[in-house]
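Have a look at the structure below, then the notes.
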Number of protein chains: 2
Amino acid sequence: MGQASDTGAASMLMRHLGNFMDVTERESEAIAAALAGPVLAAGARTDLMTEGEAPRAVLLIVSGWACRYKMLEDGRRQIVAILLPGDLCDLNNGVLAQMDHSIGTLTPVRYVEISSEVLQRLAADHPKIGQGLWWQLLVNVAIQREWTVNVGRRSAVERIGCLFCELLLRLQAVGLAGEDGYPFPLTQTELAEATGLTSVHVNRTLQTMRNSGLIRLADRTLSIPDLTALQDIALFSPDYLHLNEKERRSGKGVTRLGT
Amino acid sequence: MGQASDTGAASMLMRHLGNFMDVTERESEAIAAALAGPVLAAGARTDLMTEGEAPRAVLLIVSGWACRYKMLEDGRRQIVAILLPGDLCDLNNGVLAQMDHSIGTLTPVRYVEISSEVLQRLAADHPKIGQGLWWQLLVNVAIQREWTVNVGRRSAVERIGCLFCELLLRLQAVGLAGEDGYPFPLTQTELAEATGLTSVHVNRTLQTMRNSGLIRLADRTLSIPDLTALQDIALFSPDYLHLNEKERRSGKGVTRLGT
DNA sequence: CGAACATTTGAAGCGCGTCAAAGCCGGTGG
DNA sequence: CCACCGGCTTTGACGCGCTTCAAATGTTCG
């Protein structure tokens, strides 16, 4: 809950992995060592990686929002993922020769680049961290599937509502959202590009959502007065985020002992 | 090109990995050993795994078509991925406690279940195979991203056209498609569920595509008389399938030596 | 103060969804 | 061998959600 103060690269990653595992002293030192490189900075709306290039390294977002996007030849643009602090991009293992999409910033972003060798060694030396990285990757795939459902089967209100819910939970997971809201830096055009709508229609949809009291969105700040109501309207179910794996695993262990 | 005759579990996986790497005698024996388990069978339209369950094992599709799908509470269904022979599902590593989607067959399917321990050992003992499995996973994620673009930004003709092109290349990659066509077992309703459309609209769209000579589709058989034309109409670009990584890597080596 | 960009509004139209019914085909049983 | 049934495809009529185009109104920041 609430804002945490330490926003360094290592602490951001650990905060994220903390949703999956308990990080020991030894592991946190190893993570800090692996992320010892310089923190880089990029302005808003710049590419960190471009489609067609060879992937340089793994990126860890430290602060700010970024996205994966693809463009069609005729200029249509689709944002296919939103990257938040603590997210690792392109756990690539040096396997794919070229990017099939671009990674661009939405806000100013601070990030670090990690070579896949360093990450592989980290995972090899600390199996639990390796599992944590694996967890992050699998959750990202699950999110991608959910986005496919989102644009494929949901109405405009539902799409936007689901996105707002997802971002709330993901930001809370790294301590960057309050109980019922968070800073929301996207323009309506970008929101449209992420939901497969047009900016005009996003505008009108937001108005109806505001008028019905589902959300408040002004001054780049979103608040959700009644999360349950929004979840119900949007048919949002948080299972795909797998945010409770830690509890579920330990809970399972307990019931197993009980039987 | 064309149909290959050996359609066993191991040979199917090797055929798929063959797009990424050259498989040595030793590696092919190791794969065969890992896939020694019984080949299971399921009828059309049955679940191999159901949302909410704990994932049992990794599935390798040996023959037939399956899909990943998610349902909304009100019954809307979205197919988020199509699984073809040679595809591994849920390279899970035992990390996630429950399925966030279901896997169901579209046709009768033969498949094998592999424990993640066996796969992990296979990858550990044979690093190149490990990279191959990694490649499969990354390509699947890339496909998922492309599907998000598909339903988010493309028209009905483009969506269906892109899907047809993707399936042609993927089937050719495992020797199950001819030069310009393949058996197409999906009903129009399923095609609609995969493209985010309704079956009525799919029907009408298929008719216009047939009438303009872009495709022939009858008797569960699809043929594409002019692939380039279809690609152009649908704005299809095959990069995201990463089918030429092998050539690209070796090609790169050569140019590197040249500089 | 003005340029660039984001939000908002209006009007018109099209693509796709919805509802409903009719054909079609293969399979099954009498 | 035909009658019937269920599932898939096709067709029609209609309507709505979303897009398109265009312009007005903030808003931010040199």
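Here the structure is a predicted model, which is why all the values come from computation and not from measurement. Throughout, a chain's letter reflects where its sequence line sits, starting with A, and its residues are numbered from 1.
- For DNA chain C, no neighbouring residue in residues 63-73 of chain B is found when judged by any heavy atom under 4.0 Å.
- Counting non-hydrogen atoms of other residues, nucleotides and ligands closer than 6.0 Å to CD1 of A/Ile233 gives a total of 12 or fewer.
- Of the two residues contacting DNA chain D, namely A/Thr205 and A/Asp219, the nearest-nucleotide position lying further toward the 5' end is that of A/Thr205.
- With sequence neighbours excluded, the residues satisfying side chain to side chain contact (heavy atoms under 4.5 Å, CB included) with A/Asp239 are A/Ser237, B/Gln98.
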Quick one: what's the B/S/- string for nucleotides 5-12 of chain C, heavy-atom cutoff under 4.0 Å, read 5' to 3'? -SSBBBB-
Do B/Arg56 and B/Asp90 pass the salt bridge (Lys or Arg N to Asp or Glu O under 4.0 Å) test, and can you show the C-alpha distance, the side-chain angles, and the key distance before you say yes or no? CA-CA 10 Å; B/Arg56 280 191 308 284; B/Asp90 296 280; over 6 Å; no
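- For A/Glu51, there are no salt bridge (charged side-chain N to carboxylate O under 4.0 Å, His left out) partners, not counting sequence neighbours.
- Scanning DNA chain D 5' to 3' for nucleotides with an atom closer than 4.0 angstrom to a non-hydrogen atom of chain A gives a first and last hit of D/dC18 to D/dC21.
- Residue whose closest nucleotide on DNA chain D sits further toward the 5' end, between A/Gly196 and B/Glu190: B/Glu190.
- Looking only at distances, no side-chain donor or acceptor of A/Asp47 sits under 3.5 Å from a matching main-chain atom of A/Thr50.
- For B/Pro185, the side chain to side chain contact (heavy atoms under 4.5 Å, CB included) partners at least two apart in sequence or on another chain are B/Trp65, B/Thr107.
- Annotation: salt bridge (charged side-chain N to carboxylate O under 4.0 Å, His left out) contacts of B/Glu193 (sequence neighbours excluded): B/Arg77.
- Shown here are the side-chain hydrogen bond (donor to acceptor under 3.5 Å, both in side chains) partners of B/Arg76, two or more places apart in sequence or in another chain: A/Glu158, B/Asp74.
- Contacts of B/Leu40 classified as side chain to side chain contact (heavy atoms under 4.5 Å, CB included), with partners at least two apart in sequence or in another chain: B/Pro38, B/Tyr111, B/Glu113.
- Looking at residues two or more places apart in sequence or on another chain, you find a ring-ring contact (aromatic ring centres under 6.0 Å, His included) between B/Phe164 and B/Phe184.
- In terms of modelled atom types and a separation under 3.5 Å, the side chain of B/Thr205 and the main chain of B/Val157 share no donor-acceptor contact.
- In this structure, CD of B/Glu193 is placed 13 Å from P of C/dG17, rounded to the nearest angstrom.
- Of the residues in residues 152-166 of chain A, none has a non-hydrogen atom less than 4.0 angstrom from any atom of DNA chain C.
- A donor-acceptor pair shorter than 3.5 Å cannot be found between the side chains of B/Gln144 and B/Asn140.
- Following rounding to the nearest Å, B/His201 (NE2) and C/dG15 (P) show an atom-to-atom distance of 8 Å.
- A/Asp219 is linked by a salt bridge (charged side-chain N to carboxylate O under 4.0 Å, His left out) to nothing, counting only residues two or more places apart in sequence or in another chain.
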